[in-house]
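Computed from a prediction, not measured in an experiment: that's the story for all the values here. Start at 1 and go down the list; that is how both ligands and their atoms are numbered.
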Amino acid sequence: MRQPLVAGNWKMNGSRESIKALLDGIKAGIGAVNKAEVAVCAPYVYLADVQQQLNGSNVSWGAQNLSTEASGAFTGEISADMIKDFSCKYVIVGHSERRSLYGETDEIVAHKFEVARNAGLVPILCVGELLEEREKGITEEVVNRQLDAVINRVGIAALADGVIAYEPVWAIGTGKTATPDQAQETHAAIRQKLASMDAGVAEKVQILYGGSMNAGNAAELIGMADIDGGLIGGASLKSDDFLTIGKAAG
Ligand code: PGA
């Protein structure tokens, strides 16, 4: 049985003060979350604060991006080992905002997955189609292409060391959630694709849904057979909402 995972993606939000209050709220209520693992992915500069505040709690933490490079003359970049230095468990790779705003190709994302995994981080690999791609009926093709880039680089077995987040781009930050059936359809297709290569990996890998998941719709989405939790943007910035999603996951 796959453990549900509810991961917050804070994006470029918060301040030292607001993050302290948010984490205090999460820690105070985490006892009511029974089954799911809860994690937060913070901006780099707050990782030390997050580590200090979450150390010894049941909440995991991670970063939102990493460099493909190990060290050297890469101004402004952050390496996997630096992220590890703050005891991060997770790192998001290939978020659609990184792909669309910062030019991350499937190949760069695959490289980041590899580097994260090699450093002992758990990459949360984001995949998902644009609205025009869904309208053209090529959702599966797009998601398969994004997955194949990673599988071709690291191999199917290595995929089991990561988490997949299916995030339809048209649902991110728009308040337009995929219906549970729509999401389940793509999640099932992803799992089937993995199963055609390695049944064990397909059974093990958690596939999260992301895109306007909130306190009101989480239970129905996470209740679907192949949805193993959520990657939460906006609703992860309010501890009550975020914990409600954690509870909805069991
Ligand atoms: P959202 O973001 O929950 O604000 O739609 C999800 C994400 O981008 O990971």
Asks: Hey, is Lys204 close enough to Asp228 for a salt bridge, meaning N to O under 4.0 Å?
Replies: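 So Lys204 does not pair with Asp228 through a salt bridge.
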Asks: If hydrophobic residues (ILVMFWY) are linked whenever their side-chain heavy atoms come closer than 4.5 Å, directly or via other members, who joins Val169 in its cluster?
Replies: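 Listed partners: Leu130.
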Asks: Quick one: side chain to side chain donor-acceptor pair (under 3.5 Å) partners of Glu97, sequence neighbours excluded?
Replies: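 Side chain to side chain donor-acceptor pair (under 3.5 Å) list for Glu97, sorted by chain: Lys11.
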Asks: Look at atom CD of Gln52 and say whether more than 12 heavy atoms of other residues, nucleotides or ligands are closer to it than 6.0 Å.
Replies: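 Count not over threshold, so no.
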Asks: Can you name the residues that come within less than 4.0 Å of ligand 1, going by heavy atoms only?
Replies: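 Residues near ligand 1: Asn9, Lys11, His95, Glu167, Ala171, Ile172, Gly173, Gly211, Ser212, Leu231, Ile232, Gly233, Gly234.
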Asks: With sequence neighbours excluded, what pairs up with Lys20 under the salt bridge (Lys or Arg N to Asp or Glu O under 4.0 Å) test?
Replies: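 Lys20 satisfies salt bridge (Lys or Arg N to Asp or Glu O under 4.0 Å) with Asp24 once adjacent residues are dropped.
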Asks: Between Glu104 and Arg99 (salt bridge meaning N to carboxylate O under 4.0 Å), is one present in this structure?
Replies: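 Not counted as a salt bridge, because no side-chain N and carboxylate O are separated by less than 4.0 Å.
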